[in-house]
Amino acid sequence: MPETTDAEAFGRGAVTGRGRAVPCRIVVCRDCCCGSPKVTGVDHAEQTARLRAEAPVRVSDCLDVCDQANVIVVQPSSAGRAAGARPVWLGLVNDPAATEDIADWVRAGGPGVAPRPEILDLYAFTPQSRRKAR
């Protein structure tokens with residue numbers, strides 16, 4: 001049986017020059033503030049597992065936006081990148097309903113493929129380091 005790529009397993013993404021699709025990906029911050037008891041009332045392991053059910057998830061050390069804990073970055077699939085999408089930073093994702101909204105959006109294709117649900121506009125932000133680069 002041939003190996004299954006992440007994109008095939010998740011059923012999304014455009015095919016790259018190597019014949020492999022690159023799916024939407026998620027980065028979760030899990031360091032000094034995000035993913036810690038400092039952010040109360042959140043089951044961080046459950047949040048990560050829920051997102052991982054929809055797309056590949058990378059757990060990152062501090063993304064240096066602690067005032068926005070819990071931070072989740074949704075990276076576009078290769079199809080989203082081809083459409084001009086950039087990573088979307090979401091902060092203060094401390095509610096299971098918000099996690100579900102992110103999971104639904106990612107399942108639909110994520111940035112550049114599916115419109116971002118209006119409710120996620122409440123969580124979207126541009127990190128200071130990105131503001132300076134513009």
Side-chain angles (χ1 to χ4, degrees):
M1 176 179 256
E3 280 189 38
T4 302
T5 65
D6 285 341
E8 291 166 337
F10 292 102
R12 294 177 289 281
V15 175
T16 66
R18 294 185 179 137
R20 288 184 24 159
V22 177
C24 192
R25 296 174 189 263
I26 300 170
V27 177
V28 294
C29 185
R30 294 290 185 259
D31 195 35
C32 59
C33 295
C34 300
S36 78
K38 289 181 185 178
V39 179
T40 60
V42 179
D43 184 337
H44 299 98
E46 175 58 32
Q47 183 181 57
T48 302
R50 177 64 191 102
L51 295 170
R52 191 168 273 137
E54 299 302 333
V57 171
R58 182 173 60 104
V59 175
S60 174
D61 287 339
C62 188
L63 293 173
D64 202 26
V65 284
C66 298
D67 61 321
Q68 296 288 325
N70 280 325
V71 175
I72 295 172
V73 182
V74 181
Q75 298 176 323
S77 65
S78 51
R81 285 262 185 209
R86 305 293 302 153
V88 175
W89 289 65
L90 303 165
L92 304 173
V93 183
N94 302 321
D95 182 290
T99 302
E100 233 9 81
D101 291 332
I102 295 167
D104 290 345
W105 181 40
V106 167
R107 185 178 329 103
V113 174
R116 182 171 67 211
E118 287 184 21
I119 191 70
L120 292 182
D121 291 345
L122 298 171
Y123 300 91
F125 73 99
T126 302
Q128 186 69 28
S129 61
R130 301 259 185 210
R131 283 185 238 149
K132 291 177 186 174
R134 289 185 175 173

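Considering every non-hydrogen atom in both C24 and A55, the closest pair reads O-CB, 3.4 Å. Of all the heavy atoms in L90 and F125, the pair that sits closest is C-CE2, 3.6 Å. In terms of heavy atoms, P111 sits closest to P76 at O-CB, 3.6 Å. Residue V93 comes nearest to Q47 through the heavy atom pair O-NE2, 3.0 Å, listed as atom of the first residue, atom of the second, then distance.
The list of salt bridge (charged side-chain N to carboxylate O under 4.0 Å, His left out) pairs with a residue in residues 109-118, not counting sequence neighbours, reads R116-D121. Judged as a salt bridge (charged side-chain N to carboxylate O under 4.0 Å, His left out), the pairs with a partner in residues 88-101 (not counting sequence neighbours) are, in order, R50-E100.
With rounding to the nearest 0.5 angstrom, the CD atom of Q75 is 10.0 Å from the CZ atom of R86.
Legend: residues meeting salt bridge (Lys or Arg N to Asp or Glu O under 4.0 Å) with D104, ordered by chain and number and at least two apart, are R107. Residues passing the salt bridge (Lys or Arg N to Asp or Glu O under 4.0 Å) test with R30: none are found, sequence neighbours excluded. Applying the side-chain contact (heavy atoms from CB on, under 4.5 Å) criterion to P96, with sequence neighbours excluded, gives no partner residue. When the side-chain contact (heavy atoms from CB on, under 4.5 Å) test is applied to A114, the partners found at least two apart in sequence or on another chain are W105, A108. E46 is linked by a salt bridge (Lys or Arg N to Asp or Glu O under 4.0 Å) to nothing, counting only residues two or more places apart in sequence or in another chain.
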Identify each donor-acceptor pair in which a side-chain atom of residues 56-70 lies under 3.5 Å from a protein atom, sequence neighbours left out, and give them as a table.
| unit_1 | atom_1 | unit_2 | atom_2 | d |
| --- | --- | --- | --- | --- |
| N70 | OD1 | G35 | N | 2.8 |
| N70 | ND2 | H44 | NE2 | 3.3 |
| N70 | ND2 | N94 | OD1 | 3.3 |

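I26 is connected to L120 through a chain of hydrophobic side-chain contacts under 4.5 Å among Ile, Leu, Val, Met, Phe, Trp and Tyr, so both are in one cluster. No continuous path of ILVMFWY side-chain contacts below 4.5 Å connects V113 to V74, so the two sit in separate hydrophobic clusters.
Cluster partners of L92 are absent, since no Ile, Leu, Val, Met, Phe, Trp or Tyr has side-chain heavy atoms less than 4.5 Å from it. With a 4.5 Å cut-off between side-chain heavy atoms of Ile, Leu, Val, Met, Phe, Trp and Tyr, the cluster of V39 takes in V42.
Between L51 and V106 the shortest side-chain heavy-atom distance does not fall below 4.5 Å.
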